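Below: one structure, written as C-alpha cells.
In what follows, every chain begins at residue 1, and chains take the letters A, B, ... in the order their sequences are listed. All of these numbers come straight from a predicted model, not from anything done at the bench.
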Number of protein chains: 2
Amino acid sequence: MRNIKEIAQLSGVSKSTVSRVISGSGYASQEARDKVLKVIQELQYKPNAVARAMVSQRTHNIGVLIYRREYPVASHPFYGKILDAILASASSMNYSVFVTTDHEMSLRSADFMLEKRVDGLILISRLEQNVIDHIGKFGVPYIMVNGSTDVPGVIHIVNRDQNGGLEAARHLSGLGHRRIFMLAGPQSHRSHHLRLEGFRAYMNGQRAEFGDSDIAYLLASTFEEGYRMMKEHWEHFRSRSYTAVFGTNDMIALGAMKFLMEHSVSVPGQVAVMGFDDNDVASILTPSLTTVRVDTEKMGRLACVMLDKLIRHEPVEETAVELEPQLVIRDSTRRF
Amino acid sequence: MRNIKEIAQLSGVSKSTVSRVISGSGYASQEARDKVLKVIQELQYKPNAVARAMVSQRTHNIGVLIYRREYPVASHPFYGKILDAILASASSMNYSVFVTTDHEMSLRSADFMLEKRVDGLILISRLEQNVIDHIGKFGVPYIMVNGSTDVPGVIHIVNRDQNGGLEAARHLSGLGHRRIFMLAGPQSHRSHHLRLEGFRAYMNGQRAEFGDSDIAYLLASTFEEGYRMMKEHWEHFRSRSYTAVFGTNDMIALGAMKFLMEHSVSVPGQVAVMGFDDNDVASILTPSLTTVRVDTEKMGRLACVMLDKLIRHEPVEETAVELEPQLVIRDSTRRF
DNA sequence: TTTCTCTGTGAGACCGTTCCCATATGAGAT
DNA sequence: ATCTCATATGGGAACGGTCTCACAGAGAAA
C-alpha cells in the first residue's frame with residue numbers, strides 16, 4: 001500500500017515535508033506544497049488512520065454500546081432513533097462510530113471497544129454497576145444515554161420522565177377521564193418507573209382515585225406484553241369500567257390498543273389510549289396515538305457534543321442533562 | 001497507558017516472550033507463561049488493537065455504509081433489520097462494525113471508511129457507479145446488500161423480488177380478486193421495479209386485466225407517500241371498483257390502508273391490502289398486514305460470512321445470492 | 001560585521017505491537 | 001565425541017505516520 005515515504009520519494013522531498021503539507025501545520029514552500037499535492041492527487045493517496053491513531057493516541061472513533069434483551073436493537077423504534085441521531089452528529093463532527101449491540105450485559109462487548117481504543121463511549125440503556133466500573137477503570141470518557149442507574153458522577157442524558165408521566169395524567173384527566181388503567185413497564189428501568197411515579201403524583205395531587213389495583217406491571221416493554229397484559233386484565237378492566245389506558249411506552253400502548261380493537265372497543269370512542277416516546281409507529285397507526293414525545297434527536301446530538309468535550313478535556317458544565325418531554329395529542333384520546 | 005513492554009519488565013521476561021504468551025503461538029515455558037499471565041491479570045492489561053492492526057495489516061473492523069435519502073436510517077424498519085443482523089453476525093465473528101449513514105451518496109463517507117482501513121465493506125441500498133468505482137480502486141473487499149445496480153462482478157445479496165411480486169399476485173388472485181390496484185415505489189430502485197414486474201408477469205400470464213391504469217407510481221417508498229397516492233387516486237379507485245391494493249413495500253401499503261380506514265373502507269372486508277418486506281409494523285397493525293417476507297436476518301448473516309471469506313482470500317462460490325421470499329398471510333386480505 | 005528572526009527542510013525517535021532471526025541449552029542420535 | 005533437533009528466550013526491524021530538533025539561508029536590526 002501507498003505510504004508517506006513513497007509520496008516523499010516521488011515528489012522529491014522528505015517525509016517530514018509531506019507530513020507538513022498534509023497536516024497544513026508547519027512551514028512548507030509553495031513549490032514543495034504543489035509537488036506533494038500533485039503526487040497525492042495522482043496516486044489517490046489517503047493517509048493511514050491506523051498509523052495516525054498509533055502516534056497521536058487519538059483514533060477519532062467513538063463506540064456506541066446498546067444493551068437490550070429483546071430484538072430488535074438498531075431497528076428498535078426508540079433506541080434506533082437515538083442511534084440515528086448519534087450517527088448523524090458524530091459524522092458531522094468527524095468521528096467514526098463503532099456500534100455494538102449485546103443481549104446480555106457482558107464485559108466482553110465492552111472490552112471489544114476498549115481494546116480498539118475508542119476515544120470515547122456512549123452507553124445506551126441500562127447498565128450494571130460492574131460494567132460501569134470496568135469501563136471507568138480504563139480512563140476512557142463515557143456518557144450514558146437514557147440509562148437506568150444513577151451512578152454519581154457519571155455524565156448522563158435522560159428524558160424528564162417524571163414530568164412526562166405527569167403531563168400524561170394531566171391530559172387524560174383534563175379530558176374528563178376518571179378511571180384510568182395503567183400498563184407499567186419493568187420498574188427496574190428508570191424510565192418506566194419515573195413515568196409511573198409522575199403519573200401517580202398527579203393523580204394523587206388531584207385526589208383522583210388511582211391505586212395499585214389500577215396498575216398492571218409488565219415483564220417487558222414490548223408490544224406483545226402490552227397485548228398480553230391487556231388481555232389478562234380484560235375482565236378486571238370491564239368490571240371497573242375504565243375509560244382510558246396509559247402505557248409507559250408506545251409499544252405497550254399499541255399492544256393494548258390492538259387488543260381493544262380486536263374486541264370491538266372503539267378507540268378513542270369508548271376507551272382512550274395513550275403511550276410514551278412518540279416513535280414512528282405511533283403516528284402511523286389508525287387511530288394515531290396520543291403520546292409524550294422524547295427528543296431522541298437531541299439526546300443523540302447532545303451525547304456527541306458532550307462526549308467530544310470530554311475527549312478534548314474541555315470542561316463540561318452539567319453532569320446530568322434532563323430533556324423536557326412534550327405532549328403530542330393525536331387521535332387515540334378524546335374527551336370522555 | 002500500559003503496554004507490552006511494561007508487562008515484560010514486571011514479569012522479568014522480554015516483550016517477545018510476552019507477545020508469544022498472549023498470542024499462544026511459539027514457545028514459552030510454563031513458568032514464563034504463568035508469570036506473564038499473572039501480571040496481565042493484575043494490571044488488567046489489554047493489547048492495543050491499533051498497534052496490532054498496524055503491523056498485521058488487519059483491523060478486524062468492517063464498515064457498513066447505508067445510503068438513504070429519507071430518515072430514519074438505522075431505525076428504518078427494513079434497513080435497520082439488516083443492520084441488526086449484520087451487527088449480531090459480525091460480533092460473533094469477532095469483527096467490530098463501523099456504521100455510517102449518509103443522505104447523499106458522496107465519496108466522502110466512503111473515504112471516511114477507507115482511511116480507517118477497514119478489512120471490508122458492506123454497502124446497503126442503491127449505490128452509484130462512481131462510488132463503486134472509487135471503492136473498487138482501493139482493493140478493499142466489499143459486498144452489496146439489497147443494492148440497485150447490477151454491476152457485473154460485484155458480489156451482492158438480494159431478495160428474489162420478482163418471485164415475491166408473483167406470489168403476491170397469485171395470492172390475491174387466488175382469493176378471487178380481479179381488480180387490483182398497485183402502488184409502485186420508485187422504479188429506479190431494483191426491488192420496487194422487480195416486484196412490479198413479477199406482479200405484472202403473473203397477471204398477464206393469467207390473462208387477468210392489469211394494465212398501466214392500474215398502477216400508481218410513487219416518488220418515495222414511504223408511509224406518507226403511500227397515503228398521499230391512495231388519496232390522489234381515490235376517485236379513480238372507487239370508479240374502477242378495485243377490491244385490492246398491493247404496495248411494493250409495507251410502508252406504502254400501510255399508508256394506503258390508513259387512508260382507506262379513515263374513509264370507512266373496511267379492510268379486508270371491502271378492500272384487501274397487501275405489502276412487501278414484513279417489517280415489524282406489519283404484524284402489529286390492526287388488521288395485521290398480509291405481506292411477502294424478506295429474510296433480512298439471512299441477508300445480514302450471509303453478508304458477514306461472505307465478506308469474511310473475501311477478507312481471508314477464501315474462494316466465494318457465488319457472485320450473486322438471491323434469497324427466496326415467503327408469503328405471509330395475515331388479516332388484511334381475505335376471499336372476495 | 002554580527003546577531004537575531006523567520007522560513008524551509010530533513011533526520012530520526014517514537015507510538016505498541018508482531019515476527020524474523022540469532023543464540024542458548026539439554027536430550028537423544030550417530 | 002560431535003551432530004541434530006526441539007525448546008526457550010531476547011534483540012531489533014518493521015508497520016506508517018507525527019513531531020521534535022538541528023541546521024541552513026535570507027533578510028532585518030544592532
Side-chain angles (χ1 to χ4, degrees), chain A residues 1-37 39-40 43-61 94 96 111 114-119 138-140, chain B residues 1-37 39-40 43-61 94 96 111 114-119 138-140:
Chain A
M1 247 294 128
R2 339 229 76 130
N3 57 34
I4 207 173
K5 213 169 161 186
E6 192 177 338
I7 304 294
Q9 281 169 351
L10 289 172
S11 27
V13 296
S14 71
K15 64 191 173 77
S16 305
T17 301
V18 176
S19 177
R20 258 176 249 125
V21 171
I22 292 173
S23 70
S25 68
Y27 296 110
S29 64
Q30 192 59 45
E31 189 189 9
R33 205 172 294 274
D34 290 344
K35 279 189 297 187
V36 170
L37 288 176
V39 174
I40 286 178
L43 297 197
Q44 287 273 334
Y45 164 80
K46 304 253 179 295
N48 184 328
V50 174
R52 273 189 166 165
M54 176 100 218
V55 40
S56 68
Q57 303 290 53
R58 277 270 262 130
T59 58
H60 282 279
N61 295 157
N94 284 314
S96 296
D111 279 346
L114 264 14
E115 284 180 22
K116 291 291 168 75
R117 306 283 149 141
V118 292
D119 291 345
F138 270 81
V140 175
Chain B
M1 247 292 126
R2 338 230 77 131
N3 57 33
I4 210 174
K5 213 169 162 185
E6 192 177 337
I7 304 295
Q9 281 170 352
L10 289 173
S11 30
V13 295
S14 72
K15 64 192 171 71
S16 304
T17 302
V18 176
S19 177
R20 259 176 249 125
V21 170
I22 291 172
S23 70
S25 69
Y27 296 110
S29 64
Q30 192 57 49
E31 191 190 5
R33 204 173 296 273
D34 291 344
K35 279 189 298 188
V36 170
L37 288 176
V39 175
I40 286 178
L43 296 197
Q44 288 271 335
Y45 164 79
K46 303 256 178 293
N48 184 328
V50 174
R52 276 189 162 166
M54 177 98 218
V55 40
S56 69
Q57 302 289 56
R58 276 269 266 134
T59 57
H60 283 278
N61 294 157
N94 285 312
S96 296
D111 279 346
L114 264 13
E115 282 180 24
K116 291 291 168 77
R117 305 283 148 141
V118 291
D119 291 343
F138 269 82
V140 176

So, the side chain of [X] versus the backbone of [Y]: is there a donor-acceptor pair under 3.5 Å, distance only?
X       : Y        : result
B:Arg2  : B:Tyr45  : no
A:Ser11 : A:Lys35  : no
A:Asn61 : A:Val118 : no

Options D:dG16, C:dT17, D:dG17, nucleotide nearest the side-chain atoms of B:Asn48: C:dT17
Rounded to whole Å, please give me the gap between [atom1] in [X] and [atom2] in [N].
X        : N      : atom1 : atom2 : result
B:Met54  : D:dT18 : CE    : C1'   : 11 Å
B:Gln9   : D:dG10 : CD    : P     : 12 Å
A:Glu6   : D:dC15 : CD    : P     : 12 Å
A:Ile4   : D:dG16 : CD1   : C1'   : 8 Å
B:Lys5   : C:dA13 : NZ    : P     : 13 Å
B:Lys35  : D:dG10 : NZ    : C1'   : 13 Å
B:Lys116 : D:dG17 : NZ    : P     : 15 Å
A:Glu115 : C:dT17 : CD    : C1'   : 13 Å

B:Gln57 vs D:dA14: side-chain N/O to OP1/OP2 distance below 4.0 Å: no
Side-chain N or O of A:Arg52 closer than 4.0 Å to phosphate OP1/OP2 of D:dG16: no
End axis versus end axis in the helix from C:dT1-D:dA30 to C:dA29-D:dT2, the angle rounded to 10°, five pairs used at each terminus: 60°
Proximity to DNA chain C (any heavy atom under 4.0 Å), residues of residues 10-31 of chain A only: A:Val13, A:Ser14, A:Lys15, A:Ser16, A:Thr17, A:Arg20, A:Tyr27, A:Ala28, A:Ser29
Least distance between heavy atoms, A:Ser14 atom then A:Ala8 atom: C-CB, 3.7 Å
DNA chain D: 5'-proximal contact among B:Val55 and B:Ala32 (nearest heavy atom): B:Ala32
Any side-chain heavy-atom pair of A:Asn3 and A:Asn48 under 4.5 Å: no
Within-4.5 Å side-chain heavy-atom neighbours: B:Arg117 and B:Met54: no
Pairwise distance CD(A:Glu115) to CZ(A:Phe138) - rounded to 0.5 angstrom: 8.0 Å
Approximate separation, where rounding is to 0.5 Å, of A:Leu10 CG and A:Leu43 CG: 6.0 Å
Pair B:Ser19-B:Lys15, side-chain contact (heavy atoms from CB on, under 4.5 Å): steps then yes or no: CA-CA 6 Å; B:Ser19 177; B:Lys15 64 192 171 71; over 6 Å; no
